[in-house]
Amino acid sequence: QVQLVESGGGLVQAGGSLRLACAASGRTISSSGMGWFRQAPGKEREFVAVISWDGGRTYYADSVKGRFTISRDNRKNTVYLQMNSLKPEDTAVYYCAAQRFDLRPSEYDIWGQGTQVTVSS
């Protein structure tokens with residue numbers, strides 16, 4: 001069974017950048033699609049970005065397109081989310097999820113514990 005641990009969250013001013021990492025252990029994720037999602041207080045979990053097993057395909061939510069970049073290093077069993085030009089509305093707990101190439105959080109059954117991102121105005 002794969003275990004996922006996110007890191008890299010924190011407090012940043014609007015316009016700043018953060019790089020999130022999702023490290024997998026237990027089994028390799030090199031043959032799996034991986035997704036990033038986020039959940040703000042009082043809101044449902046929403047799709048942010050997804051990447052195919054080889055990094056050849058990526059897809060982004062319209063709200064982050066052009067500002068966020070998903071990538072992966074299969075040698076390190078790790079997926080990244082580079083977040084630039086952050087806005088206060090990006091404030092949320094960010095989760096990575098394994099073993100699907102899908103925009104729907106309901107399709108994933110392996111999740112990390114989440115990392116808090118707070119963007120101040």
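Nothing fancy with the numbering, it's 1 onward along the sequence.
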Show me the side-chain donor-acceptor pairs of residues 43-56 shorter than 3.5 Å, one per line, residues at least two apart or across chains.
from, atom 1, to, atom 2, distance (Å)
Arg45, NE, Gln39, OE1, 3.3
Arg45, NH2, Gln39, OE1, 3.4
Glu46, OE2, Arg38, NE, 2.6
Glu46, OE2, Arg38, NH2, 3.2
Ser52, OG, Asp54, OD1, 2.9
Ser52, OG, Gly56, N, 3.2
Ser52, OG, Arg57, N, 2.9
Ser52, OG, Arg57, O, 3.4
Asp54, OD1, Gly56, N, 2.9

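- The hydrophobic cluster containing Val64 also contains Val117, counting ILVMFWY residues as joined when their side-chain heavy atoms lie under 4.5 angstrom apart, directly or transitively.
- If you take CD on Glu6 and CG on Leu81, they are separated by 11.0 Å, rounding to the nearest 0.5 Å.
- Residues Val93 and Phe68 are members of separate hydrophobic clusters, defined by side-chain heavy-atom contacts under 4.5 angstrom among Ile, Leu, Val, Met, Phe, Trp and Tyr.
- A search for salt bridge (charged side-chain N to carboxylate O under 4.0 Å, His left out) contacts involving Asp62 returns Lys65, not counting sequence neighbours.
- In the displayed structure, Tyr59 atom OH is contacted under 6.0 Å by at most 12 heavy atoms of other residues, nucleotides or ligands.
- Ring geometry for Tyr108 against Phe37 counts as perpendicular: the plane angle is over 60°, on a 0 to 90° scale with 30° as the lower cut.
- Nearest heavy-atom pair across Ser121 and Ala14 is CA-CB, 4.4 Å.
- With sequence neighbours excluded, the residues satisfying side-chain contact (heavy atoms from CB on, under 4.5 Å) with Ala24 are Val2, Leu4, Ile29, Asn77.
- Nearest heavy-atom pair, Gln1 versus Arg27, reported as atom, atom and distance to 0.1 Å: N-CD, 3.6 Å.
- For the side chain to side chain donor-acceptor pair (under 3.5 Å) test, no residue two or more places apart in sequence or in another chain qualifies with Ser7.
- Here the CD-CG distance, from Gln82 to Leu20, works out to 8.5 Å after rounding to the nearest 0.5 Å.
- Partners of Thr78 according to the side-chain contact (heavy atoms from CB on, under 4.5 Å) rule, which considers only residues two or more places apart in sequence or in another chain, are Ala21, Ala23, Lys76, Tyr80.
- Screening residues 11-36 for ring pair (Phe, Tyr, Trp, His ring centres under 6.0 Å), with sequence neighbours left out, gives no hits.
- Listed by first and then second residue, the disulfide bond (SG atoms under 2.5 Å apart) pairs involving residues 40-96 are Cys22-Cys96 (not counting sequence neighbours).
- Among residues two or more places apart in sequence or in another chain, the side-chain contact (heavy atoms from CB on, under 4.5 Å) test is passed with Arg104 by Asp102, Ser106, Glu107.
- Legend: side chain to side chain donor-acceptor pair (under 3.5 Å) pairs involving residues 8-20, not counting sequence neighbours, sorted by first then second residue: Ser17-Asn84.
- Gln116 meets the side chain to side chain donor-acceptor pair (under 3.5 Å) test with Thr118; sequence neighbours excluded.
- Cluster membership for Met34 and Tyr95, using ILVMFWY side-chain heavy atoms within less than 4.5 angstrom, is not shared.
- Going from atom CG of Asp109 over to atom CD of Gln99 covers 7.0 Å, rounded to the nearest 0.5 Å.
- With sequence neighbours left out, Arg67 forms a salt bridge (charged side-chain N to carboxylate O under 4.0 Å, His left out) with Asp90.
- Evaluation of the side chain to side chain donor-acceptor pair (under 3.5 Å) rule for Thr69 yields no partner, not counting sequence neighbours.
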